[in-house]
K.L.:
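Let me give you the structure first, and then I'll get to my questions.
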Amino acid sequence: MSETALMGESRQKLLLDLVGVRKTFDGFNAVERIDLSVMEGEFFTIVGPSGSGKTTLLRMLAGMDQPSDGAIYLRGESLNDMPANKRPTCLVFQSLALFPHMTVGQNIEFALKMRKIAPAARKARALELMRVVRLPETYYSKNVMKCSGGEKQRVALARAFAYDPEILLFDEPLSALDYKLRKTLEKELKDLHRETGKTFIYITHSLEEAMVMSDRIGVMRDGRLVQVGTPEEIYTKPSDKFVSEFMGEVNIVQVRPDGAGRYRSEDLAGSFTVNAPPSTDGYVVIRPEFLRFLASPSDADNHLTGRVHNEYSLGSRVQYQVRVGERMFLVEQPRRQSFGGGDVTIGWDAADAIFVAE
Amino acid sequence: MKIHALQIQDAAISGTAKKSRGPFLTPGARCALPVIVLLLLGFAAPLTAVIAYSFAEPHSFNVFSSFTFANYAEIFNTENTVWMSFLWSLSLAAVTVLILSVIAYPIAYGMVYVFGRWSGLVSILFVFPLFISENVRLYGWVLFFIKNGVFDGTLNLLGGSDAPEVLYSPGIILFGMIYTYLPYMLFPLVLGLSLLPRDVVDAAKDLGASRYQVWREIELPLAMPGFMIGLLLTFVLAVGAIAESKVLGGQSVIVLTHDIEVSFTYAQNWPLGSALAVLITLITGGLTLFMLFKLDLDRVLGRK
Amino acid sequence: MVEFSRRTVLQMLGAGGAMAAASTGFARNAFAAGRDKEMNILCWEGYNSAQVLDPFRTEFGATVKAESLTNDPTMVNRLRAGETKVWDLINLNNPWARKLMWPEKLIKPLDQEVFQPYFAKMLPEFKAPFHWAMSDDGKDLLGMAQRFGPYSFVVNTDKVSRKMAEDEGWDLFNDKAIVGRYGVQESDDWNVFDMFLVAGIDPFKVHSEAEMATFLATAKRIYKGAKLIGDMASLNQALISGEIDLYLTGGTYSVSPARADGYPNLRGITPLRGPMNGKGGVMWIEVTSTVNNPNLSPLAPKFLQYVQRPEVAHTVAFAEGTFNPVSQMGNPECFKLFTKDELEAIQWDSLSEEMARSVAYDIVPDYEKALDLLNAAKRERG
Amino acid sequence: MNQEQAALRTRTLLWVWTIFVIVVVYLPVVCSALASLTKSRYFLFPIRKWSFDWWDKTMASIEVSTLVKTSLMLAGSVTVLATLIGFFGALAFARYNWKGRSLFQKVVLLPIFFPQPVLGLALLLWFNALGLPLSWHTAVIAHLVWIAPVVTLVIAIQVYGFDPVVEEAAFDLGASRLQVMKEVTLPMLWPGIWSGMLFAFLLSWGNFPLSLYTSGADSTVPKWLFTKMIAGYTPMVPTLGTMSTLGAALVLSIGGVAVILARRRSN
């Protein structure tokens with residue numbers, strides 16, 4: 001599947017190639033036969049729920065775990081035998097893994113010290129990197145454990161940059177931060193990516209985060225890569241129910257073809273039209289923002305009748321829960337609307353719904 | 001800030017529960033009281049008694065009723081060779097500590113990182129000998145190493161060659177001390193190494209550090225509190241060791257505790273023995289206090 | 001994990017309380033009450049053995065505790081330090097009773113009417129006037145005699161013949177050929193005697209500085225050349241294993257268990273001649289005295305009578321750790337209990353001649369100084 | 001696969017080394033057991049005549065049963081008292097934040113970091129100065145001085161993992177201070193308390209240097225072993241030593257199971 005995604009970007013150079021990579025822990029397959037290619041300079045994000053194997057995959061890239069099977073190639077050369085301290089990759093840990101007994105400066109200079117670079121040169125480079133990650137120079141000799149969460153994050157970044165890796169690996173580095181700080185740092189990371197031109201491989205369980213920053217996204221489930229594509233592709237063409245559900249709150253209706261080009265659901269009255277459907281059982285996925293309240297049933301390709309159950313303000317939008325029979329549908333509107341106690345009709349166009357297989 | 005909050009909370013609990021009693025002691029101090037009383041009566045007072053005895057007339061029991069520096073004068077008399085015992089005890093202890101750290105480090109490392117669910121069993125196997133009287137175990141070594149003992153006998157059975165003679169030498173005393181004090185080095189080391197987050201080691205490797213560099217720059221400094229406790233504990237206990245020299249070593253060297261013992265037995269001179277005990281206490285106690293005040297015990301024990 | 005009776009818990013709580021109350025004298029009374037079923041013995045190895053004590057325990061329904069220490073000065077010092085409150089009987093080499101414990105009021109005299117008759121049945125050497133069991137003024141009986149024996153050195157006669165050892169005597173240890181082949185027992189009061197004897201000096205007199213210097217030089221040499229310094233058990237084990245061929249300070253007391261175990265080639269040696277008015281050996285006679293305990297157990301004199309019984313005396317002689325002749329062997333009823341092997345173990349064949357060649361254990365006048373030198377000599381081993 | 005091999009080699013080396021050291025640790029214990037099974041008094045290997053004589057004699061001896069009783073009473077009393085003292089000590093060590101805490105933590109550790117023969121002698125002098133007759137009661141105090149701090153430490157490690165907020169919640173729900181202790185604090189700390197008891201019992205059971213100077217006429221198993229070892233050695237010494245080791249192993253396994261059960265229940 002990655003082949004198709006590659007076609008459009010064939011001008012870029014292939015950097016990393018994973019072929020049939022598998023990792024087994026005590027008989028349990030943490031990662032199952034993954035094939036994936038990452039381009040030079042790309043910001044590639046792997047998204048998946050916890051336990052989907054994404055951290056294991058990342059640790060194999062970093063050289064901390066060895067694949068049980070398959071190979072990882074960097075520009076065509078196998079990385080399998082190369083230990084972590086020799087690989088041109090650098091991992092930014094979820095825990096950040098800062099060295100608690102060192103100052104900010106010592107943390108950043110660590111990789112340089114390991115290469116036996118002279119102290120003066122080390123310090124110059126550290127200060128330069130501190131500017132890049134927007135840390136004040138005065139922090140140079142500060143105890144790293146006395147820094148705030150965001151500052152620690154920047155130290156970890158600078159430390160990774162100091163290693164000057166070709167590929168930076170990120171293991172959910174922002175997950176412990178508060179919402180506002182996370183948003184700021186997401187943008188900064190994106191900027192840093194552009195400024196440095198390095199390849200970033202980033203893992204997160206937040207699709208939102210992935211959307212903001214990534215060139216391409218891979219979705220993982222139970223050790224498999226289920227879909228790889230641009231944020232746009234993932235968003236608009238999820239490959240299956242899992243991917244579409246993972247993308248956030250969506251309305252999903254299980255359907256089967258009724259033989260007349262339309263689809264029927266067991267627990268809902270009426271039938272639906274879908275653009276370009278295969279003739280199998282599956283699901284119709286409708287995003288809340290594509291559902292709307294209809295003045296008359298004919299205002300949209302498909303419609304349902306129900307009652308408003310609840311409404312929530314999302315700040316910029318308003319979300320309504322509409323009960324249709326036993327089912328609850330989510331409808332999002334830019335503005336608040338008031339309804340009497342009576343029935344409402346909701347509907348959507350065939351072009352806004354996606355059909356996915358099981 | 002956290003501490004402040006806890007104090008308030010304690011105050012709240014005690015305040016509501018024991019309003020009538022008033023804030024005589026905080027709950028913490030109240031809980032500490034039994035230990036403190038025990039240590040005052042069973043540790044501080046005996047040490048005072050030793051100090052008092054060390055200033056009593058030589059060969060007498062006139063404690064608290066006579067005062068003289070004669071015992072210390074005797075020890076520091078240039079003709080007295082008791083310094084040799086000090087030297088032996090301290091250097092044997094120092095070498096024991098050095099060798100023990102080399103022996104115990106890989107085991108501790110294995111217990112923390114490699115042995116997984118087996119490390120529980122491994123630690124029980126290492127704790128257990130602490131509960132067997134030291135004399136029995138050391139005598140077991142005599143039976144092993146002596147001529148026609150287990151080692152020699154087995155070699156004779158197998159190939160007819162004699163086992164090397166190792167008993168009754170300073171080397172075997174050292175061996176005995178290493179043997180006896182192994183758990184006291186091992187467990188603090190395990191504690192120390194488990195203070196060290198796995199991620200931090202991985203990060204260092206990832207940043208290009210070789211195995212040795214990881215050990216020197218990360219593992220060692222971060223495991224240092226546990227390491228220090230182990231060093232201190234084994235050193236202090238080894239300075240007080242006596243059975244190894246007597247049972248295994250054939251007294252090939254005379255250790256300090258032996259001199260103290262002779263003062264209390266053959267020499268009938270409790271005051272002199274006390275003066276020696278005071279000196280050994282000064283050394284070990286000083287070292288202990290110095291180290292303990294450098295350590296953050298909450299971090300080491302609480303793994304916070 | 002342990003079964004506790006309520007009483008035990010109370011007792012042990014009492015221990016905590018007692019500590020606080022000790023200075024008020026409460027403890028003294030608490031511990032003093034009702035001692036007619038308990039008795040404590042501070043003794044040389046032998047009296048503390050199960051064979052001797054268990055029948056006594058059964059017969060008298062008594063709780064008997066015994067602690068064995070392997071030297072006299074320590075035991076005396078324990079009493080001097082205030083343990084007269086703890087012990088009922090103390091068993092030591094005789095001069096300590098006469099010369100130290102009696103003058104210092106650490107022991108009580110025995111009822112002569114009860115105990116005098118026992119001496120009549122003892123071996124000839126122990127019959128009246130038995131001055132070593134009496135106070136110096138001859139008025140008080142300070143203890144009962146039982147075990148005795150010559151105590152100089154022990155050799156493996158397969159390596160050093162008995163004749164040569166007796167003939168050369170202490171000079172054996174002046175021979176460079178035995179360096180590294182001998183051990184020294186950790187028994188410092190006896191070692192003081194022996195170092196003097198090896199140096200050719202009578203230990204039991206006041207010594208000149210020159211003699212002390214010779215003593216030190218000898219002690220240094222002997223310790224330097226010793227393969228090991230150890231306790232009796234280690235030395236016997238080393239002798240049997242072949243680590244050493246002889247050891248200093250030893251005799252029937254120390255070597256008899258090995259002889260009884262099938263090593264008749266090991267033998268206590270008493271030199272034919274030496275610097276003590278021509279005598280070369282040292283021997284010991286134990287005296288067991290009642291401690292000047294403010295609350296002496298009534299069992300203490302009973303025990304002293306108990307061990308005079310022929311069969312018990314025989315048991316004392318062959319208690320589990322060390323085998324020794326006993327004075328009660330003068331009584332035919334007792335003597336007939338000894339088997340040929342047992343007599344062989346205690347070197348009965350040569351016992352009287354060895355005793356005749358020996359002087360009695362005594363307190364060295366300048367013991368403290370000699371002991372300091374001895375310890376200095378030991379330190380130079382390392 | 002090179003790296004994998006290197007990791008495997010490290011693991012193997014660590015295991016080999018650890019097992020080697022464990023074997024060395026138990027070697028003399030085995031030698032001791034061998035010496036108890038020989039008929040003769042002195043040990044020569046290979047053993048010429050095997051026999052259980054010394055085991056029979058040891059079992060039959062009133063002497064030995066007295067020793068065992070004394071050792072049990074001593075260890076039992078030490079266990080109860082040390083656990084009581086150590087439990088509260090551990091709360092003061094790790095649970096409460098109070099003014100003297102940091103100092104307290106250090107002071108508690110001092111007896112552990114102290115040469116035991118010297119501590120035993122110091123206590124002897126002190127009891128002597130008080131005029132206190134020595135018996136196993138005084139040995140209880142001596143053992144406590146060393147063991148109560150150990151127990152404090154063992155329980156404190158459990159207390160560190162205990163969130164005091166739970167106590168607060170119970171208090172808030174109307175429990176009295178005593179009820180909080182009984183219903184919340186104690187059950188949550190059980191595994192630590194059990195381990196503490198186990199340590200207390202076994203350390204007291206095996207202790208020699210403190211008993212030597214402070215138990216007076218009451219001989220404990222290790223003290224008897226020592227006196228018999230230096231004079232009056234018979235294979236009863238290794239026999240009783242081996243029995244004592246087996247006894248400790250039994251207590252440890254029973255106690256260990258109890259600790260595991262307590263831990264499982266508290267989880």
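Just so we're on the same page: letters track the sequence lines, and every chain starts at 1. None of these values were measured; they are calculated from a predicted model.
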K.L.:
Would you compute the distance between atom OH of D:Tyr26 and atom CD1 of B:Ile132 and round it to the nearest 0.5 angstrom?
P.N.:
6.0 Å
K.L.:
Does the side chain of B:Val35 reach to within under 4.5 Å of the side chain of D:Phe88, using non-hydrogen atoms?
P.N.:
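Contact flag for B:Val35/D:Phe88 side chains = no.
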K.L.:
Check whether D:Trp126 reaches the backbone of B:Leu41 with its side chain - one donor and one acceptor, N or O, closer than 3.5 Å.
P.N.:
yes
K.L.:
Tell me, side chain or backbone of B:Leu182 under 4.5 Å from chain D's heavy atoms, or both, or neither?
P.N.:
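The side chain, not the backbone.
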K.L.:
Which atoms of D:Phe20 are under 4.5 Å from chain B, going by heavy atoms: the side chain, the backbone, both sets, or neither?
P.N.:
neither
K.L.:
With chain D, which of B:Ala49, B:Gly153, B:Gly110, B:Ala32 has the greatest number of heavy-atom pairs at distances under 4.5 Å?
P.N.:
B:Ala32
K.L.:
Compare all side-chain heavy atoms of B:Leu39 with those of D:Pro111 and state whether any distance is below 4.5 angstrom.
P.N.:
yes
K.L.:
Which bit of D:Leu44 is near chain B, if near means a heavy-atom gap under 4.5 Å: side chain, backbone, both or neither?
P.N.:
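Both backbone and side chain of D:Leu44 come within 4.5 Å of chain B.
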K.L.:
In a check of side-chain contact (heavy atoms from CB on, under 4.5 Å) between D:Phe113 and each of B:Leu287, B:Ile229, B:Leu237, B:Thr284, which one passes?
P.N.:
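When side-chain contact (heavy atoms from CB on, under 4.5 Å) is applied between D:Phe113 and each of B:Leu287, B:Ile229, B:Leu237, B:Thr284, only B:Ile229 qualifies.
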K.L.:
Would you please say whether a donor-acceptor pair under 3.5 Å links the side chains of B:Tyr53 and D:Asn128?
P.N.:
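Looking only at side-chain atoms, D:Asn128 and B:Tyr53 do form a donor-acceptor pair, the distance falling under 3.5 Å.
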K.L.:
Can you tell me which of B:Ile107, B:Val236, B:Val150, B:Thr288 forms the most heavy-atom pairs within a distance under 4.5 Å of chain D?
P.N.:
B:Val150
K.L.:
For residues D:Phe45 and B:Phe144, establish whether the separation of their ring centroids is below 6.0 Å.
P.N.:
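No, too far apart.
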K.L.:
Please classify the contact between D:Ser176 and chain B as side chain, backbone, both or neither, with a heavy-atom cut-off of under 4.5 Å.
P.N.:
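Contact with chain B is absent: no heavy atom of D:Ser176 under 4.5 Å.
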K.L.:
Using heavy-atom distances under 4.5 Å, tell me whether D:Leu34 contacts chain B through its side chain, its backbone, both, or neither.
P.N.:
side chain
K.L.:
I'd like to check B:Leu289 versus D:Leu110 (side-chain heavy atoms, cut-off strictly below 4.5 Å). Are they in contact?
P.N.:
yes
K.L.:
Apply side chain to side chain contact (heavy atoms under 4.5 Å, CB included) to the pair B:Phe264 and D:Tyr213, showing each step before the final yes or no.
P.N.:
CA-CA 11 Å; B:Phe264 277 87; D:Tyr213 295 110; 5.8 Å; no
K.L.:
Mind checking whether D:Val29 and B:Phe128 have side chains closer than 4.5 Å, heavy atoms only?
P.N.:
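No. Closest side-chain heavy atoms not under 4.5 Å.
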K.L.:
Just wondering, do D:Gln105 and B:Asp298 contact through their side chains at under 4.5 Å, heavy atoms?
P.N.:
yes
K.L.:
Which atoms of D:Ala33 come close to chain B, meaning under 4.5 Å heavy atom to heavy atom: side chain ones, backbone ones, both, or neither?
P.N.:
neither
K.L.:
Sort D:Phe104 into side chain, backbone, both or neither according to what part of it lies under 4.5 angstrom from a heavy atom of chain B.
P.N.:
side chain
K.L.:
Which of the residues B:Leu276, B:Val136, B:Val239 is involved in the greatest number of heavy-atom pairs with chain D at under 4.5 angstrom?
P.N.:
B:Val136
K.L.:
Under 4.5 Å heavy-atom distance to chain B, tell me which part of D:Thr245 shows up: side chain, backbone, both or neither.
P.N.:
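For D:Thr245, the contact with chain B is made by backbone and side chain together.
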K.L.:
Which bit of D:Val107 is near chain B, if near means a heavy-atom gap under 4.5 Å: side chain, backbone, both or neither?
P.N.:
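Backbone plus side chain of D:Val107, per the 4.5 Å heavy-atom cut-off to chain B.
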K.L.:
For chain D, which of B:Ala44, B:Ala45, B:Gly240 has the most heavy-atom pairs under 4.5 Å?
P.N.:
B:Ala45
K.L.:
So what's closer than 4.5 Å to chain B heavy atoms on D:Ala129: side chain, backbone, both or neither?
P.N.:
side chain
K.L.:
I'd like to know whether D:Phe114 forms a side chain to side chain contact (heavy atoms under 4.5 Å, CB included) with B:Thr281, so could you lay out the CA-CA distance, the side-chain angles of the two residues, the decisive distance to 0.1 Å, and finally the verdict.
P.N.:
CA-CA 8 Å; D:Phe114 202 82; B:Thr281 304; 3.4 Å; yes
K.L.:
Which atoms of D:Val24 are under 4.5 Å from chain B, going by heavy atoms: the side chain, the backbone, both sets, or neither?
P.N.:
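Both backbone and side chain.
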K.L.:
Could you look at B:Ile280 and say if it's the side chain, the backbone, both or neither that has a heavy atom under 4.5 Å from chain D?
P.N.:
side chain
K.L.:
Has the side chain of D:Trp98 got a donor or acceptor atom that lies under 3.5 Å from a matching backbone atom of B:Arg30?
P.N.:
no
K.L.:
Hey, would you say the B:Tyr139 and D:Phe226 ring centroids sit under 6.0 Å apart?
P.N.:
no
K.L.:
Chain B heavy atoms under 4.5 Å from D:Leu252: which part of the residue, side chain, backbone, both or neither?
P.N.:
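Side chain only.
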K.L.:
If you check every heavy atom in residues 117-124 of chain D against those of chain B, which residues fall under 4.5 Å?
P.N.:
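From residues 117-124 of chain D, the residues near chain B are D:Pro117, D:Val118, D:Leu119, D:Leu121, D:Ala122, D:Leu123, D:Leu124.
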K.L.:
Given that the side chain runs from C-beta out, which part of D:Leu13 has a heavy atom under 4.5 Å from chain B: side chain, backbone, both or neither?
P.N.:
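For D:Leu13, neither part sits under 4.5 Å from chain B.
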K.L.:
Are D:Cys31 and B:Arg137 packed together at the side-chain level, in the sense that at least one heavy-atom pair is separated by less than 4.5 angstrom?
P.N.:
no
K.L.:
Is the backbone N or O of D:Val25 less than 3.5 Å from a side-chain atom of B:Tyr179, with the two atoms forming a donor-acceptor pair by type?
P.N.:
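The answer is yes, because a donor-acceptor pair under 3.5 Å joins these two groups.
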K.L.:
Which heavy atom of B:Phe126 sits nearest to which heavy atom of D:Val21, and what is that distance?
P.N.:
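Where B:Phe126 meets D:Val21 most closely, the heavy atoms are CE2-CG1, 3.7 Å.
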